[in-house]
Q: 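Here it is, the structure in full.
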Number of protein chains: 2
Amino acid sequence: MDDRAATDLAMLVLRAATEVVDGIGEGMAARGYDDLRPAHGFAFARIAAADTTVVDLAEHLGTTKQAASQLVAGLVERGYVVREPDPRDARARLLRLTEAGEACTRAAEAAAADVVAGWNEVLPRASLGALHAMLRRVVTPGPLRPAW
Amino acid sequence: MDDRAATDLAMLVLRAATEVVDGIGEGMAARGYDDLRPAHGFAFARIAAADTTVVDLAEHLGTTKQAASQLVAGLVERGYVVREPDPRDARARLLRLTEAGEACTRAAEAAAADVVAGWNEVLPRASLGALHAMLRRVVTPGPLRPAW
DNA sequence: TCGGGATAGTCAATGTGATTGACCATATGG
DNA sequence: CCATATGGTCAATCACATTGACTATCCCGA
């Protein structure tokens with residue numbers, strides 16, 4: 001694979017990501033969530049997955065803890081997240097999704113699945129699985145930056 | 001492919017894009033370009049490809065023409081782009097890369113190729129081509145949004 | 001056990017980039 | 001030619017993230 005093709009592949013990945021992000025945004029809007037940006041979704045995913053603090057979240061999003069704190073404040077204000085005391089550390093506050101927050105997460109997952117379903121239509125059946133497998137091998141676990 | 005796997009695939013695409021963006025950023029910094037963000041790169045790609053005006057660029061980046069104008073102003077200031085009169089329309093100004101701008105584009109392509117080269121190491125040789133082919137089929141041409 | 005340094009979190013001020021709104025110059029179509 | 005649409009910029013504002021400062025709590029060693 002020469003440089004030209006390699007650059008091309010990199011651009012295809014970026015374009016695919018743009019489609020995913022835009023598609024999720026549209027799907028969320030269609031489901032009645034029009035006040036949430038991708039950064040919120042990434043935060044939801046992290047908060048849902050494990051006991052999460054503001055500092056954890058900041059690292060995961062690749063931002064400062066102040067920015068993460070502001071983000072969380074907005075989510076709390078809108079009723080998607082609650083802050084609970086950490087029984088192990090009186091400084092820390094554990095973040096937890098409310099029922100509304102979990103409903104929102106499910107909506108985002110459905111929207112993401114819709115985007116991929118669109119790909120399924122233009123790709124041979126087995127290929128989507130192959131795509132998945134390849135990306136899984138290629139990609140290293142790490143943060144999902146909400147902004148370029 | 002069920003919803004779970006579909007969501008998972010979508011996330012893999014986003015993570016891959018994050019790697020591409022971060023990788024290019026690091027590669028550019030290593031090559032001495034530390035004042036350029038991804039949005040600039042997307043602008044370069046567009047300006048290099050065809051006769052481009054500020055409004056064209058705005059559509060391509062998915063922003064307003066004012067934002068595109070500001071972006072271009074910064075690039076002009078730093079010597080990467082020049083504005084030339086459009087012989088066909090006295091209102092318009094065609095954007096063109098300077099030699100510095102083209103050198104910068106080459107550096108970005110090399111950095112992108114480096115990222116993909118890393119993938120090449122963990123993937124069977126033929127697979128990278130297959131990945132390319134799949135994404136090409138899946139992806140529709142469209143804007144490359146610099147921000148989520 | 002107590003004192004110093006590290007860590008969790010917030011508040012306030014600042015800065016950067018994008019958007020909205022207004023405006024001028026030029027094109028274009030009736 | 002006049003009305004309207006389009007390319008572009010300037011200015012004001014807004015949204016978001018960052019830097020800096022500060023409090024409260026934890027942890028570790030003397």
Side-chain angles (χ1 to χ4, degrees), chain A residues 18 21-22 25 33-44 46-47 50-78 80-96 143-148, chain B residues 18 21-22 25 33-44 46-47 50-78 80-96 143-148:
Chain A
T18 302
V21 170
D22 288 356
Y33 298 96
D34 58 351
D35 61 343
L36 293 170
R37 289 173 309 102
H40 297 128
F42 299 148
F44 278 29
R46 175 68 185 185
I47 296 171
D51 276 3
T52 306
T53 65
V54 164
V55 171
D56 285 339
L57 192 56
E59 281 171 18
H60 187 247
L61 296 178
T63 66
T64 59
K65 60 181 181 175
Q66 291 92 330
S69 183
Q70 286 179 16
L71 189 80
V72 168
L75 293 178
V76 169
E77 204 171 320
R78 282 178 261 177
Y80 294 124
V81 171
V82 287
R83 285 184 265 232
E84 298 179 338
D86 184 336
R88 303 183 155 192
D89 187 338
R91 295 169 304 174
R93 304 170 77 177
L94 295 181
L95 305 175
R96 199 170 51 77
L144 233 41
R145 304 197 185 288
W148 293 349
Chain B
T18 302
V21 171
D22 289 355
Y33 297 96
D34 57 352
D35 61 343
L36 292 171
R37 289 173 308 105
H40 297 129
F42 299 148
F44 278 28
R46 175 68 184 184
I47 295 171
D51 275 5
T52 306
T53 66
V54 164
V55 171
D56 284 339
L57 191 57
E59 280 171 21
H60 187 248
L61 296 178
T63 67
T64 59
K65 59 181 180 175
Q66 292 91 330
S69 183
Q70 286 179 18
L71 188 80
V72 168
L75 294 178
V76 169
E77 204 171 319
R78 282 177 262 175
Y80 293 124
V81 171
V82 288
R83 286 183 266 233
E84 297 180 339
D86 184 337
R88 304 183 154 193
D89 187 338
R91 296 170 303 176
R93 305 169 77 175
L94 295 180
L95 304 175
R96 200 169 53 76
L144 233 42
R145 304 196 184 289
W148 292 349

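Convention: sequence-line order gives letters A, B, ...; per-chain numbering from 1. Atoms considered below: every heavy atom in the structure, side chains included; atoms not considered: hydrogens, waters and symmetry mates.
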Q: Identify the two heavy atoms, one from A/Ala43 and one from A/Leu71, that lie closest to each other, and give their separation to 0.1 Å.
A: CB-CD2, 3.7 Å
Q: Does the side chain of A/Thr64 get closer than 4.0 angstrom to OP1 or OP2 of D/dT18 through an N or O atom?
A: yes
Q: Under the 3.5 Å rule, do the base of C/dT16 and the side chain of B/Gln70 count as making a donor-acceptor pair?
A: no
Q: Could you please spell out the steps behind the side-chain contact (heavy atoms from CB on, under 4.5 Å) verdict for B/Leu75 and B/Leu95?
A: CA-CA 10 Å; B/Leu75 294 178; B/Leu95 304 175; over 6 Å; no
Q: Between C/dG9 and A/Arg83, is there an OP1 or OP2 to side-chain N/O distance shorter than 4.0 Å?
A: no
Q: Can you measure A/Leu61 atom CG to D/dC16 atom P for me and round it to whole angstrom units?
A: 14 Å
Q: Rounded to whole angstroms, how far apart are CD on A/Glu59 and C1' on C/dG9?
A: 14 Å
Q: Mind checking if B/Ala67 touches a base, just sugar-phosphate, or nothing, with heavy atoms under 4.0 Å?
A: base
Q: What distance separates B/Leu57 CG from B/Phe44 CZ, expressed to the nearest 0.5 Å?
A: 10.5 Å
Q: Whole angstrom is fine here: how far is it from NZ in A/Lys65 over to P in D/dT19?
A: 12 Å
Q: In sequence, state the C-alpha distance, the side-chain angles, and the governing distance for B/His60 and B/Thr52, and then conclude on side-chain contact (heavy atoms from CB on, under 4.5 Å).
A: CA-CA 10 Å; B/His60 187 248; B/Thr52 306; over 6 Å; no
Q: OP1, OP2 of D/dC10 versus side-chain N and O of B/Ser69: anything below 4.0 Å?
A: no
Q: For A/Leu71 and C/dG9, give me the distance from atom CG to atom P, rounded to whole Å.
A: 14 Å
Q: Could you grab the distance from atom CD1 of B/Ile47 to atom OH of B/Tyr80, nearest 0.5 Å is fine?
A: 13.0 Å
Q: If the threshold is 4.0 Å, N to carboxylate O, is there a salt bridge linking A/Arg91 and A/Asp89?
A: yes
Q: Might you list the N or O atoms of the protein lying below 3.5 Å from N or O atoms in nucleotides 2-6 of chain D, with each pair's distance?
A:
from	atom 1	to	atom 2	distance (Å)
D/dT6	O2	B/Arg91	NH1	2.3

Q: I'd like to know if B/Gln66 reaches the base of D/dG7 with its side chain such that a donor and an acceptor end up less than 3.5 angstrom apart.
A: no
Q: Just how far, in rounded Å, is C1' of D/dG7 from CG of B/Asp86?
A: 10 Å
Q: Any side-chain N or O of A/Arg93 under 4.0 Å from OP1/OP2 of C/dT10?
A: yes
Q: Using whole Å, report how far CZ of B/Arg37 lies from C1' of C/dG17.
A: 7 Å
Q: Rounded to whole Å, how long is the line connecting atom CG of B/Asp56 with atom C1' of D/dG8?
A: 13 Å
Q: Nearest whole Å is fine: how far is C/dT10 P from A/Glu77 CD?
A: 13 Å
Q: In this structure, which one of A/Val82, A/Val54, A/Asp56, A/Thr53 forms a side-chain contact (heavy atoms from CB on, under 4.5 Å) with A/Leu94?
A: A/Thr53
Q: Just checking B/Asp89: base, sugar-phosphate only, or nothing, at a heavy-atom cut-off of under 4.0 Å?
A: sugar-phosphate
